[in-house]
Chemist: 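Structure incoming, see below.
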Amino acid sequence: MARRKKIYEGKAKIMFEGPEPGTIVQYFKDDTTAFNSKKRDVIEGKGVLNNRISEHVMVGLDSVGIPTHFIRRLNMREQLVRAVEIIPLEVVVRNYAAGTLAKRLGIEEGTPLPRPIVEFCYKNDDLGDPLVAEEHIYAFNWASQHDVEHMVTLALRVNDYMSGLLFAVGIRLVDFKIEIGRQYDGDFHRLIVADEITPDSCRLWDIESGKKLDKDVFRLDLGNLSDAYAEVARRLDLLPGNNAVVPRRTG
Ligand code: UDP
């Protein structure tokens, strides 16, 4: 890692130059922040779990034809990804009211939404990633109308895939955020899912108990964050030694 050239260090990840042109090494840190970095901590093991969970989700998305930046996992904390031009918008999909939507519109947390809602926030930490309308996106040239239509389609496909993946292991996908990048091929570009998909960027509730298994555990001081993320990884069968030993019946 020491020999790699750092391109960018974010709140939870570091990007290094990849071994071939057009590739990047994405390193998952244990640093955890919330409320626009006002609350921060280092949660041991979180980066390892997020690296593994994001790999699993991205590989699954690729397998159903949803393009992502993921190439392969390199080690416990690093994965090789395609270099993209990140569109400066956070794409949020919501299935149940929670977080800022619940607060902003006065809707009780957990209320099912009549249909998935897609929102865009302008990626700008100094401004606190404000919610924006499509009109702002076009006016400030963050993306074209064609890109926005494509982003909504991608986000809804990711929602369908992830809702099913998680429902199968007893987890409700309440909402999540993705980032989308442009991958250039000459004058053309295609849009692909980039960044990460982990419990840092989703709200995940246990279907039976309603227990939170995502970054809200840290935001709201509900317990050990690594334990919550390990629970998600365990249910997705991503932890070694996870095979339940079924006692052999004798007689
Ligand atoms: N989210 C994220 N990064 C952000 C803002 C939101 O990953 O900078 C995720 C968040 O974890 C949740 C969803 O997007 O799963 C919707 O978040 P919301 O707008 O409710 O904001 P929050 O309450 O997380 O500040």
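Note that ligands are numbered from 1 as they come in the structure, with each ligand's atoms numbered from 1 the same way. Throughout, numbering of the chain's residues begins at 1 and tracks the sequence. Quick caveat, the model's predicted, so the values are computed rather than measured.
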Chemist: Is it possible for you to check whether Lys39 lies under 6.0 Å from the centre of the six-membered ring of Phe218, through NZ or CZ, and within 45° of that ring's axis?
Modeler: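 Yes, a cation-pi geometry holds between Lys39 and Phe218.
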Chemist: Is Leu154 close to Ile66 at the side-chain level, that is, under 4.5 Å between some pair of heavy atoms?
Modeler: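 A side-chain contact exists here, since the closest heavy-atom pair is under 4.5 Å.
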Chemist: Evaluate side chain to side chain donor-acceptor pair (under 3.5 Å) for Asp62 paired with Thr68, printing each intermediate quantity in order.
Modeler: CA-CA 6 Å; Asp62 267 323; Thr68 80; 3.1 Å; yes
Chemist: Of all heavy-atom pairs between Leu74 and Leu80, which one has the smallest distance, and what is that distance?
Modeler: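 Smallest heavy-atom distance, with atoms named: CG-N, 3.9 Å.
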Chemist: Quick check for students: name every N or O atom pair between ligand 1 and the protein closer than 3.5 Å, with distances.
Modeler:
unit_1: ligand 1; atom_1: 8 (O); unit_2: Glu90; atom_2: OE1; d: 3.2
unit_1: ligand 1; atom_1: 8 (O); unit_2: Asp129; atom_2: OD2; d: 3.4
unit_1: ligand 1; atom_1: 11 (O); unit_2: Arg219; atom_2: NH2; d: 3.1
unit_1: ligand 1; atom_1: 15 (O); unit_2: Asp175; atom_2: OD1; d: 2.6
unit_1: ligand 1; atom_1: 15 (O); unit_2: Arg203; atom_2: N; d: 3.3
unit_1: ligand 1; atom_1: 19 (O); unit_2: Arg94; atom_2: NH2; d: 2.7
unit_1: ligand 1; atom_1: 19 (O); unit_2: Thr100; atom_2: OG1; d: 2.6
unit_1: ligand 1; atom_1: 20 (O); unit_2: Arg94; atom_2: NH1; d: 3.4
unit_1: ligand 1; atom_1: 20 (O); unit_2: Arg94; atom_2: NH2; d: 3.3
unit_1: ligand 1; atom_1: 20 (O); unit_2: Thr100; atom_2: N; d: 2.9
unit_1: ligand 1; atom_1: 20 (O); unit_2: Thr100; atom_2: OG1; d: 3.2
unit_1: ligand 1; atom_1: 20 (O); unit_2: Arg203; atom_2: NH1; d: 3.1
unit_1: ligand 1; atom_1: 23 (O); unit_2: Arg203; atom_2: NH2; d: 2.7
unit_1: ligand 1; atom_1: 24 (O); unit_2: Arg203; atom_2: NH2; d: 3.3
unit_1: ligand 1; atom_1: 24 (O); unit_2: Arg219; atom_2: NH2; d: 3.3

Chemist: Measure from the side-chain N and O atoms of Glu17 to the backbone N and O of Arg4, and report whether any donor-acceptor pair falls under 3.5 Å.
Modeler: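 No, the answer is negative, given that no donor and acceptor are paired below the 3.5 Å cut-off.
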Chemist: For the pair His150 and His146, name the ring-plane relationship: parallel under 30°, tilted 30 to 60°, perpendicular over 60°.
Modeler: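 Judged by the thresholds at 30° and 60°, the geometry between His150 and His146 is perpendicular.
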